Amino acid sequence: MSVLQLPETGPLAFLKGHKLGLGTPAFIKAHFDAWTATQAIWVDVVSATSFGGVQGSLLGALMGSMSQMTASAPGAAGNPAQLMSLGTPFQQARNFAVMTGVNAGISTLMRRVRGVEDVQNALVSAFGSGVCFSLVSGMGKPGAQPGSGTANPLMAAFSAGVVFALFQGAFYKLGERFAGGSRAADDDYVKVKAMLDTLGMSKYERNFKKGLLEDRTIGLWDSSSLAEVRVPPGPRLLILDHVDQYRHLLKPAGPLPRA
């Protein structure tokens with residue numbers, strides 16, 4: 001069963017048809033992302049927010065537990081009161097869940113509305129997550145930090161949003177530089193990547209990107225086009241057979257003419 005079937009069958013039917021293994025989490029995530037990309041915007045946003053919140057809560061709980069152990073350890077370095085002021089594991093789990101969930105949700109919303117994923121999306125989502133993190137964690141409340149005195153929660157939230165946006169924007173640009181270009185183009189290869197993952201041919205993903213064989217061209221692939229991007233004959237036949245099975249999904253108005 002292919003990722004191209006997900007818009008009809010949904011993720012639950014997909015899971016029933018596959019065996020679990022070591023690579024299952026990444027495999028499921030790739031197919032789930034491809035499925036949500038075909039759904040209404042609110043489905044994609046809610047899904048991204050939920051996944052981001054779960055990841056953040058786990059990270060926050062871990063950091064909160066480590067802070068408590070460090071503060072209570074005999075001869076611990078640093079100020080125990082300051083370490084404990086970061087919050088209990090539950091509080092940090094809540095704070096990080098809000099931060100990562102809001103970040104993922106806004107980023108997904110911006111990508112779906114604007115149709116691109118760029119540094120502007122990163123800046124807006126980071127600003128929103130910084131503001132929400134400040135508000136929920138009480139960073140601007142009097143006495144929230146030792147020696148902080150009286151502070152304006154709204155100004156503190158705005159300042160946190162700006163700081164988050166600056167860091168996120170800097171990291172995004174650094175990531176672009178090390179990746180050798182903009183990551184916005186990756187959105188054009190969601191189905192291609194998921195298809196290659198399904199067939200166990202992820203090593204050819206770079207070939208498809210070099211040949212600009214993106215999602216919109218899947219229904220037009222033939223033996224010569226895949227040969228031009230140096231896909232060997234065996235994998236080439238399997239990919240074309242896979243595409244041919246779902247040709248009607250690639251062009252709902254009617255089947256593509258066979259070469």
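Remember, it's a predicted structure, so these values are computed and weren't measured experimentally. Position 1 is the first residue of the sequence, and the numbers go up from there.
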Quiz item: Taking side chain as C-beta onward, heavy atoms only, is Tyr204 less than 4.5 Å from Arg230?
Solution: no
Quiz item: Take atom CZ in Arg114; do more than 12 heavy atoms of anything else shown fall under 6.0 Å from it?
Solution: yes
Practice problem: State the CG-CG distance between Asp222 and Asp244, to the nearest 0.5 angstrom. | Solution: 12.0 Å
Quiz item: Less than 4.5 Å apart, any side-chain heavy atom of Met195 and any of Val243?
Solution: yes
Quiz item: Does any N or O in the side chain of Arg236 come within less than 3.5 Å of the main-chain N or O of Val231, such that one atom is a donor and the other an acceptor?
Solution: yes
Quiz item: How are the rings of Phe208 and Trp221 set to each other: parallel, tilted or perpendicular (split at 30° and 60°)?
Solution: tilted
Quiz item: Judged by atom type as modelled, is there a donor-acceptor pair below 3.5 Å linking the side chain of Asn95 to the main-chain atoms of Gln91?
Solution: yes
Practice problem: Could you check if a side-chain atom of Arg111 sits within less than 4.5 angstrom of a side-chain atom of Asp44, using non-hydrogen atoms only? | Solution: yes
Quiz item: So, does Ser50 use its side chain to make a donor-acceptor pair with the main chain of Val46 at under 3.5 Å?
Solution: yes
Quiz prompt | Shortest non-hydrogen contact between Val192 and Asp215, atoms and distance | solution = N-OD1, 3.0 Å
Quiz item: Would you say Ser134 and Phe158 make side-chain contact, with heavy atoms under 4.5 Å?
Solution: no
Exercise. Can you see which heavy atom on Ala122 is nearest to which on Tyr172, and at what distance?
Key: CB-CD1, 3.9 Å
Practice problem: Could you check if a side-chain atom of Leu237 sits within less than 4.5 angstrom of a side-chain atom of Asp241, using non-hydrogen atoms only? | Solution: no
Exercise. I would like to know whether Ser202 and Asp197 meet side-chain hydrogen bond (donor to acceptor under 3.5 Å, both in side chains); could you show each step before the answer?
Key: CA-CA 5 Å; Ser202 300; Asp197 289 343; 2.4 Å; yes
Quiz item: If every non-hydrogen atom of Leu213 is compared with every non-hydrogen atom of Ser225, which pair is closest and at what distance?
Solution: CD1-O, 4.1 Å
Quiz prompt | Test side-chain hydrogen bond (donor to acceptor under 3.5 Å, both in side chains) applied to Asn103 and Thr100, step by step | solution = CA-CA 5 Å; Asn103 187 292; Thr100 55; over 6 Å; no
Practice problem: Kindly compute the distance separating OG (Ser125) from CD (Gln168), expressed to the nearest 0.5 Å. | Solution: 5.5 Å
